[in-house]
Amino acid sequence: MTDMAPEPDLRAGLEAILLVVDEPVAEMTLAQVLERPTHEIGKALRDLSAEYTASGRGFDLREVAGGWRFYTRAEYATLVERFVRDGQQTRLTQAALETLAVVAYRQPVSRARVAAIRGVNSDGVMRTLVTRGLVEEAGTEPESQAVLYRTSSYFLERMGLRDLEELPELAPFLPDDMESLEEQK
């Protein structure tokens, strides 16, 4: 018996990797990651693709743009479209609205700064706002290397604004002693 761990199943490894990619992955890249010959990777990918088609799965494994990626089957396009469209029309939670307001008025802003302003961890909410396309990355903070976020053009579109200058003034909604609150931080 050897000390070496058993090699992961090639097909399962390919599926695991392909589930997380957002663009086609070349066979050579997969071969390097899985430490297998390229021809073996190519055969396994073609076999998986044929298996998914033969079993009538709702997804397909296709070779496109020099790589491989999962896609939904064309015959389910209306279902997927309905799901995506309905998901985008759901209302934002109070936490999401608060976080979006902080980003809109303080941008570019890091997640840590948003959390400090709101007084609660906002990581999950930020991910939701990024997924919905309302917030996007805007570089990194030079000192801490923290990712900075800003509102997107989709945010402006949804809010009916030409630019951020059209955001309403916050002053009427803030307490009179705002300066003393800022000094305490």
Least distance between heavy atoms, M126 atom then T99 atom: SD-CG2, 3.4 Å
One should read off an interatomic distance between L100 CG and R132 CZ, to the nearest 0.5 angstrom, of 10.5 Å
Taking CD in Q145 as the centre, count heavy atoms belonging to other residues, nucleotides or ligands within less than 6.0 Å. Is the count above 12? yes
Can you measure from CG (L92) to CG (L134) and round to the nearest 0.5 angstrom? 6.0 Å
Nearest heavy-atom approach of A65 to P24 is CB-CG, 4.3 Å
Ionic contact status for R62 with D60, cut-off 4.0 Å: yes
Can you tell me which residue among L148, T151, V102, V135 is in a side-chain contact (heavy atoms from CB on, under 4.5 Å) with Q107? T151
Identify the two heavy atoms, one from V125 and one from A96, that lie closest to each other, and give their separation to 0.1 Å. CG1-CA, 3.3 Å
Given I17 and L34, is the side-chain contact (heavy atoms from CB on, under 4.5 Å) satisfied, shown in steps? CA-CA 10 Å; I17 292 168; L34 294 166; 4.0 Å; yes
Within a strict 4.5 Å, meaning less than it, do heavy atoms of the V130 and Y149 side chains meet? yes
OG1/T131 to CG/L129 distance, rounded to the nearest 0.5 angstrom? 8.5 Å
For E136, is there an ion pair with R150 - N to carboxylate O distance below 4.0 angstrom? yes
Using a 3.5 Å distance criterion without hydrogens, assess whether the side chain of T38 forms a donor-acceptor pair with backbone atoms of A31. no
With a 4.5 Å heavy-atom cut-off, do F155 and V103 have their side chains touching? no
Among R46, R36, K43, find the residue that satisfies the salt bridge (Lys or Arg N to Asp or Glu O under 4.0 Å) test when tested with E27. R46
Single-linkage hydrophobic cluster, 4.5 Å side-chain cutoff, V120 and L97 together: no
With hydrophobic residues grouped by side-chain heavy-atom distances under 4.5 Å, do W68 and M28 end up in a single group? no
Minimum heavy-atom distance between L30 and L45, given as atom pair plus value: CD1-CD1, 3.9 Å
Should the ring pair F70 and Y52 be called parallel, tilted or perpendicular, given that the plane angle runs from 0 to 90° and is split at 30 and 60? tilted
Hydrophobic cluster membership, L14 vs Y71, 4.5 Å side-chain cutoff: no
Rounded distance [0.5 Å steps], CG in L156 versus CG in L167: 7.5 Å
Connected via hydrophobic side-chain network under 4.5 Å: V25 and L19: yes
Could you tell me the separation between the OG atom of S122 and the CZ atom of R127, rounded to the nearest 0.5 Å? 11.0 Å
What are the two closest non-hydrogen atoms of G56 and Y76, and how far apart are they? O-OH, 4.4 Å
Nearest 0.5 angstrom please: E141 CD to R113 CZ, how far? 10.0 Å
Closest approach of R118 to N121 (non-hydrogen atoms, all atoms of both residues): NH1-O, 4.4 Å
Going by heavy atoms in the side chains, are R73 and T53 under 4.5 Å from each other? yes
